[in-house]
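A quick write-up on the structure given underneath.
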Amino acid sequence: MTDPASTGPSDFIREIVAADQATGKHGGRVVTRFPPEPNGYLHIGHAKSICLNFGIANENPGGICHLRFDDTNPTTEDPEFVESIQDDVRWLGFDWHGKKFYASDYFERLYEFAVVLIQKGKAYVDSLTADQMREYRGTLTEPGKDSPYRTRPVDENLDLFRRMRAGEFPDGTHVLRAKIDMASPNINLRDPVLYRIRHAAHYRTGTAWSMYPAYDYAHPLSDAIEGITHSICTLEFEDHRPLYDWVVAESEAAHRPRQIEFARLNLTFAVMSKRKLLELVTKKLVAGWDDPRIPTIKGLRRRGYTAEAIRAFCDHIGVAKRDAIVEMQLLEFFIREDLNKRSPRVMAVLNPLKVVIENYPEGTAEDMEAVNNPEDPAAGTRRVPFSRVLYIEQDDFREDPPKQFFRLAPGREVRLRYAYIVKCTGVVKDPQTGAITELRCTYDPDTKSGSSQEQRKVKATIHWVSAAHAVPAEVRLYNPLLTTDPTKVSPDQDWTQSLNPQSLERLTGCLVEPSLKQASAGARFQFERTGYFCVDPDTSPNGLVFNRTVSLKDAWSKIEKTQKPS
RNA sequence: UGGGGGAUCGUCUAGCGGUAGGACGCCGGCCUUUGGAGCCGGCUACCUAGGUUCGAUUCCUAGUCCCCCAGCCA
């Protein structure tokens, strides 16, 4: 038996690559590419593709994965996106080793290929309007019919195409189309558009061009030019493959890449479409591309996700052709698993409840020794100040404790983590509202953490902070952005209606242990018993701000739910 | 009612004619100064119907269901 941990991911695409390597199909070369269009930020779905393409390249000796910006539509693309994409790929831990390309680099060569196509009688300039073209295209069940311009002489096509480039015609007046088969049952083969006129400035080529190549033309040729061996894309391009192959073959490129399709990633309760993500950002329904509630790489990163966790997730969801929706819990599992090993533990009280230890001397404090990470002895220990007045979590006290509630209640004992066992002796309430404002407790000096007298067992240990030493902080809790399954929302209704109004909970009165005072943006911690948190860039000298990356698994909340069936 | 794909535990995924496996999740238990982590055990699946075969999730046939395609988006 081989150790599954040492074999790495395996899937049908890697099998194809391995088979090609075995037969020497590409002379031992493995060249993949990640080809984003710079019209938005990368999200977790792109991460799957990145891990696949760069992963395959990394696994094969001499393999390489190109980063190519598929920038053939100047109206939606922007250098801001180019920057963010590069940043995200690097952050995820991948390197294109200088192989960074742009489809726009190939515009001149693409033009030359197109001229050859025209000369061969394989492409023509069509002057139908967009509406007419739609009519001529036919339907799913009826064949299309030839455009009257389909038989335009080569010389005229050449002249028109040259003048399209020169900018002589307004948008929409002409297109260059492949001459394939208007009766093909595959609609993509019914003379697809190769070039369209667009008098728009391109972020890289400026106004040099007044027409731009279409994806179906630029993409296969870009792959061929770069010597891509395996061109991996998502399922919706499956029926474009005959066109992909046609373009490569007709252009007589020296190299023949193979397109292979796989199912894109879907995640429960996550907004994954580029269109919707853009809508959230532009309508300011979220704070930006890095809002921790959206599954962009920037959002996940700000939320506290690690590149390692995202990569582990991508390696474990697999690559296949069936449509699938991965449960968010799986992503959460991988971030918990990673953070459990690496993040230092601290005590932080999110919803403070004041506790006075009546028999503890006033005006003094003692330092308690706390373990930084029980999973990593090398992380050492730290000192946490303890004193007479503390704060504990409101959830850790119940005046009328339900069954199986092990925490503090009148007359009950709990251990204060790394400190003493305390007993609740009294409850102080607001005379007007009846709300609990303070707990009175006594402590047992013989039960100090780590002391030799420490024999007594209590059912629960709770976290705390010392009132005189604690540091105030804001804590942001994130809940799913969508209240309903995104795939269940009918296309004609406004999907933003299903946004969860409680997706962001800002807790402003939190108190954290003093060791956190100097924590800098990006630092990750486990708040004991609560979850994993990271310092948000909004943190300033005026105050700490934490994001909850993910909660800890919570056995009590499950018990509680079964107790009160609603 | 054209064409292209796909159907295996609740979810994701393996299987390549020979005991249907893993992960997440869920349910028990152990352990625990985090109701965390860890450990142990359990749960649930081959879309249907025929056929080939000693033997079918796998091969064949016919169905059923799901996804994608009628942008001058990618």
Side-chain angles (χ1 to χ4, degrees), chain A residues 4 9-11 15 35-37 39 70-73 75-76 126 128-130 133-135 137-144 171-177 184-190 192-198 211-212 214-216 218-219 233-242 261 263 265 268 274-275 316-334 336-337 340-341 345 347 371 374-375 404-407 414-419 421 447 449-450 454 457-463 526-532 551-559:
Chain A
S10 173
D11 53 69
E15 280 177 14
E37 183 189 12
N39 66 350
D70 223 335
D71 53 357
T72 56
N73 184 357
T75 59
T76 58
D126 198 356
L128 251 28
T129 65
M133 244 178 90
R134 189 158 34 245
E135 286 167 29
R137 188 154 33 227
T139 67
L140 294 178
T141 52
E142 299 161 294
D171 286 7
T173 50
H174 306 282
V175 291
L176 183 75
R177 299 179 73 175
S184 172
N186 181 346
I187 289 180
N188 296 295
L189 261 21
R190 318 240 263 231
V193 170
L194 268 24
Y195 272 89
R196 72 284 208 197
I197 298 170
R198 273 258 208 299
M211 64 178 187
Y212 293 90
Y215 166 86
D216 281 318
H219 197 86
C233 64
T234 43
L235 250 31
E236 67 269 27
F237 294 106
E238 210 152 18
D239 46 18
H240 291 237
R241 192 170 63 229
E261 311 84 11
L265 170 65
T268 56
K274 275 184 125 176
R275 198 205 97 224
H316 281 81
I317 53 177
V319 177
K321 297 195 69 158
R322 73 183 83 103
D323 297 304
I325 305 176
V326 177
E327 291 178 335
M328 189 64 88
Q329 289 108 298
L330 188 62
L331 215 209
E332 293 182 343
F333 166 79
F334 283 104
R336 283 195 188 101
E337 184 185 52
N340 176 49
K341 285 179 294 194
R345 313 289 116 136
M347 291 196 284
V371 173
E375 305 292 319
Q404 293 187 80
F405 182 87
F406 303 144
R407 282 109 93 151
V414 291
R415 172 171 289 282
L416 295 176
R417 180 81 158 150
Y418 298 123
I421 290 175
T447 59
S449 188
E454 176 210 358
K457 296 277 184 193
V458 284
K459 292 278 256 182
T461 298
I462 65 175
H463 60 278
Q526 184 198 94
F527 288 0
E528 292 220 24
R529 303 205 307 130
T530 310
Y532 295 99
S551 66
L552 244 28
K553 290 219 284 184
D554 183 357
W556 165 242
S557 74
K558 273 185 193 172
I559 296 168

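Sequence lines set the chain letters: A, B, ... in the order given, protein chains first and strands last, and positions in each chain run from 1.
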Which of the following nucleotides, [options], is nearest to the side chain of [X]?
| X | options | result |
| --- | --- | --- |
| A:M133 | B:rG35, B:rA74, B:rC72 | B:rC72 |
| A:T461 | B:rA70, B:rA74, B:rU34 | B:rU34 |
| A:D70 | B:rA74, B:rC72, B:rG35 | B:rA74 |

How would you label the contact of [X] with the nucleic acid (heavy atoms, under 4.0 Å): base, sugar-phosphate, or nothing?
| X | answer |
| --- | --- |
| A:P374 | base |
| A:L552 | base |
| A:E332 | nothing |
| A:A320 | sugar-phosphate |
| A:Y532 | nothing |
| A:T173 | nothing |
| A:L128 | base |
| A:V193 | sugar-phosphate |
| A:Y212 | nothing |
| A:K274 | nothing |
| A:R417 | base |
| A:H174 | nothing |
| A:T76 | nothing |

Flag, side chain of A:T461 to backbone of A:R417, donor-acceptor distance under 3.5 Å: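 Answer holds: no.
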
[N] versus [M] - spacing of their [atom1] atoms, nearest Å:
| N | M | atom1 | value |
| --- | --- | --- | --- |
| B:rA49 | B:rC9 | C1' | 23 Å |
| B:rG22 | B:rU44 | P | 13 Å |
| B:rG42 | B:rU11 | P | 23 Å |
| B:rU61 | B:rU53 | C1' | 16 Å |
| B:rC60 | B:rC39 | C1' | 48 Å |
| B:rC59 | B:rC16 | P | 11 Å |
| B:rC31 | B:rC40 | C1' | 11 Å |
| B:rU13 | B:rA20 | C1' | 13 Å |

Whole Å only: how far is the [atom1] atom of [X] from the [atom2] atom of [N]?
| X | N | atom1 | atom2 | result |
| --- | --- | --- | --- | --- |
| A:Q526 | B:rG36 | CD | P | 11 Å |
| A:I559 | B:rG35 | CD1 | C1' | 6 Å |
| A:E337 | B:rA37 | CD | P | 11 Å |
| A:R407 | B:rU32 | CZ | C1' | 16 Å |
| A:L194 | B:rA74 | CG | P | 12 Å |
| A:N188 | B:rA74 | CG | P | 13 Å |
| A:F334 | B:rG22 | CZ | P | 16 Å |
| A:E135 | B:rC72 | CD | P | 13 Å |

Bracket string, RNA chain B, 5' to 3' - pairs by Watson-Crick or G-U geometry under 3.5 Å, | interstrand: .((((((..((((....[..))))((((((.......))))))...(((((..]....))))))))))).....

Distance-only donor-acceptor test (3.5 Å): side chain A:R415, base B:rU33: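 Yes, the side chain and the base share a sub-3.5 Å donor-acceptor pair.
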
Sequence-aligned protein contact record of nucleotides 2-7 of chain B, with B where the base is within under 4.0 Å of a protein heavy atom and S where only the sugar-phosphate is: BBSSSS

Parallel, tilted or perpendicular: ring planes of A:H316 versus A:F334, cut at 30 and 60 degrees: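 A:H316 and A:F334: tilted rings.
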
Residue closer to the 5' end of RNA chain B, A:F527 versus A:H240 (nearest nucleotide):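 Its nucleotide being nearer the 5' end, the pick is A:F527.
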
Residue mapping more 5' on RNA chain B - nearest nucleotide basis, A:A263 or A:E528: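 Closest to the 5' end, via its nearest nucleotide, is A:A263.
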
Can you tabulate the close N/O pairs, meaning under 3.5 Å, that link protein atoms to atoms of nucleotides 25-28 of chain B?
unit_1 : atom_1 : unit_2 : atom_2 : d
B:rC26 : OP1    : A:K558 : NZ     : 2.8
B:rC26 : OP2    : A:K558 : NZ     : 3.3

Within-4.5 Å side-chain heavy-atom neighbours: A:V371 and A:R345: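 A side-chain contact is absent here, since even the closest heavy-atom pair is not under 4.5 Å.
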
Listed partners of A:V458 passing side chain to side chain contact (heavy atoms under 4.5 Å, CB included), at least two apart: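 Listed in chain order: A:E413, A:R415, A:I421.
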
Side chain to side chain contact (heavy atoms under 4.5 Å, CB included) partners of A:I317, counting only residues at least two apart: A:K48, A:L265, A:F313, A:V326, A:L330

Under the side chain to side chain donor-acceptor pair (under 3.5 Å) test, residues paired with A:R241 that sit two or more places apart: A:E261

